[in-house]
There are 2 protein chains.
Amino acid sequence: MEAVGRQDTAALLRERGLRVTAQRRVILEAFREDEGGHLTADEVHTRASEPLPELARATVYNTLAEFVRAGLLRPIEGRGATRYDANLDEGHHHFRCIRCDRLFDVHPVGVDALTVAEPGFRVERTQVLLEGVCSECDAVPA
Amino acid sequence: MEAVGRQDTAALLRERGLRVTAQRRVILEAFREDEGGHLTADEVHTRASEPLPELARATVYNTLAEFVRAGLLRPIEGRGATRYDANLDEGHHHFRCIRCDRLFDVHPVGVDALTVAEPGFRVERTQVLLEGVCSECDAVPA
DNA sequence: CTCCGTGCAAAGATTTTGCAGGAAC
DNA sequence: GTTCCTGCAAAATCTTTGCACGGAG
């Protein structure tokens, strides 16, 4: 929601016990600059390569996994490549357009009870994915 | 829920407008014989290869996609390989154990309101995935 | 200085595609 | 007989791994 300055990026990394490197900074900033903030590893690589052309794909994968462990990102698994969500708000869920494959944040009504414990299972995470056609694609005949 | 005989398998395929072939029959029967019915393409291939050793992997993928289009299976996307669900009951959702990676059917309380239309999006499908540790894995120290 | 992160390349896993032969209807 | 499915093999996609160098703390 709130835009965070570049200098804060380093502080955020340090806060989470992560070493500050140029790679981590540009990767984290790629999410801040993205409207919506739902990027695939490949998209992150493309964007972060602009300021840092030497950046290897493997580093992107390693770093994204690191960020997930540190609680900076949340992986959204679905069709094809995994997308990473920088919006850590527990109350939101996702809508994927089956036409354009984009991912949107949504706040559906009536999902709050989902945190209810399931007997026999220790629930640690909940992922709600709505699928359909977004208004933009719905306007197109095809 | 109810076990369906082999002879019904062919009828079911015909009903859905699908040609009846040995491959499709053994693939569909693999789901009936599986407790829980959440198989990956590879698991389907392994099981269906028993009665039909010539069965190619590509055929399994093609056939599963066909079955999804025909409404016989529902794809459950998540970490790693996609699992296919033979339980078409709209009211159930899934729990994945992050230790053993198995998928269980669950009926969490309070999810009914999820079918609520999301303004601006035409929702066609809803996928709720709970993640955590199953009771079986929870009993193991590691 | 020490440790951890990075880059490179290669392998691994999953899924898709093209085409010719063959079976279902 | 016509149409659609299957098998084979190869490629495309997405992700992980091993190892040596180099920069962060």
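Below, chain A is the first sequence line, B the second, and so on; all start at residue 1. Given the structure is predicted, the values throughout are model-derived calculations rather than measurements.
- At distances below 3.5 Å, not a single donor-acceptor pair connects side-chain atoms of B/D34 with backbone N or O atoms of B/A30.
- When all heavy atoms are compared, the tightest approach of B/L103 to B/H38 is O-ND1, 3.1 Å.
- Using a 4.5 Å cut-off between side-chain heavy atoms of Ile, Leu, Val, Met, Phe, Trp and Tyr, with links allowed through other members, B/I76 and B/V106 fall into different hydrophobic clusters.
- A donor-acceptor pair under 3.5 Å links the side-chain atoms of A/Q127 to the main chain of A/E77, judged by distance alone.
- Per the geometry, CG belonging to B/L64 stands 14 Å off P belonging to D/dC5, to the nearest Å.
- With a 4.5 Å cut-off on side-chain heavy atoms, B/L129 and A/L129 do not count as touching.
- Within the structure, a side-chain polar atom (N or O) of B/T63 is placed less than 4.0 Å from OP1 or OP2 of D/dT6.
- Contact annotation: the side chain of A/Y61 never approaches that of A/T82 to less than 4.5 Å [non-hydrogen atoms, C-beta and beyond].
- Minimum interatomic distance between A/A48 and A/I27 (heavy atoms only, all atoms of both residues): CB-CG1, 4.2 Å.
- Taking a cutoff of 4.0 Å between a charged side-chain nitrogen and a carboxylate oxygen, A/E29 and A/R32 do not qualify as a salt bridge.
- Between B/L13 atom CG and D/dT6 atom P there is a gap of 10 Å when expressed in whole angstrom units.
- To the nearest 0.5 Å, the span separating CD on B/E50 from CG on B/L55 amounts to 12.0 Å.
- An OP1 or OP2 oxygen of C/dA24 is reached within less than 4.0 angstrom by no side-chain nitrogen or oxygen of B/R24.
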Anything under 3.5 Å between a protein N or O and an N or O of nucleotides 22-25 of chain D, put it in a table, one pair a line.
{"unit_1": "D/dG23", "atom_1": "N2", "unit_2": "A/R19", "atom_2": "NH1", "d": "3.2"}
{"unit_1": "D/dA24", "atom_1": "O3'", "unit_2": "A/V20", "atom_2": "O", "d": "3.4"}
{"unit_1": "D/dG25", "atom_1": "OP1", "unit_2": "A/V20", "atom_2": "N", "d": "3.0"}

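- The neighbour count for A/R57 CZ, taken as heavy atoms of other residues, nucleotides or ligands under 6.0 Å away, does not exceed 12.
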Mark up nucleotides 7-17 of chain C, 5' to 3', with B wherever a protein heavy atom is under 4.0 angstrom from a base atom, S wherever such an atom reaches only the sugar-phosphate, and - elsewhere. BBB----SBBB
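- A salt bridge is defined here as a Lys NZ or Arg NE, NH1 or NH2 lying under 4.0 Å from an Asp or Glu carboxylate O, and A/E136 with A/R102 meets this definition.
- A straight line from CZ of A/R69 to P of C/dC4 spans 12 Å, rounded to a whole angstrom.
- The bend of the helix from C/dC1-D/dG25 to C/dC25-D/dG1, defined by the angle between the axes of its first five and last five pairs, stands at 50° to the nearest 10°.
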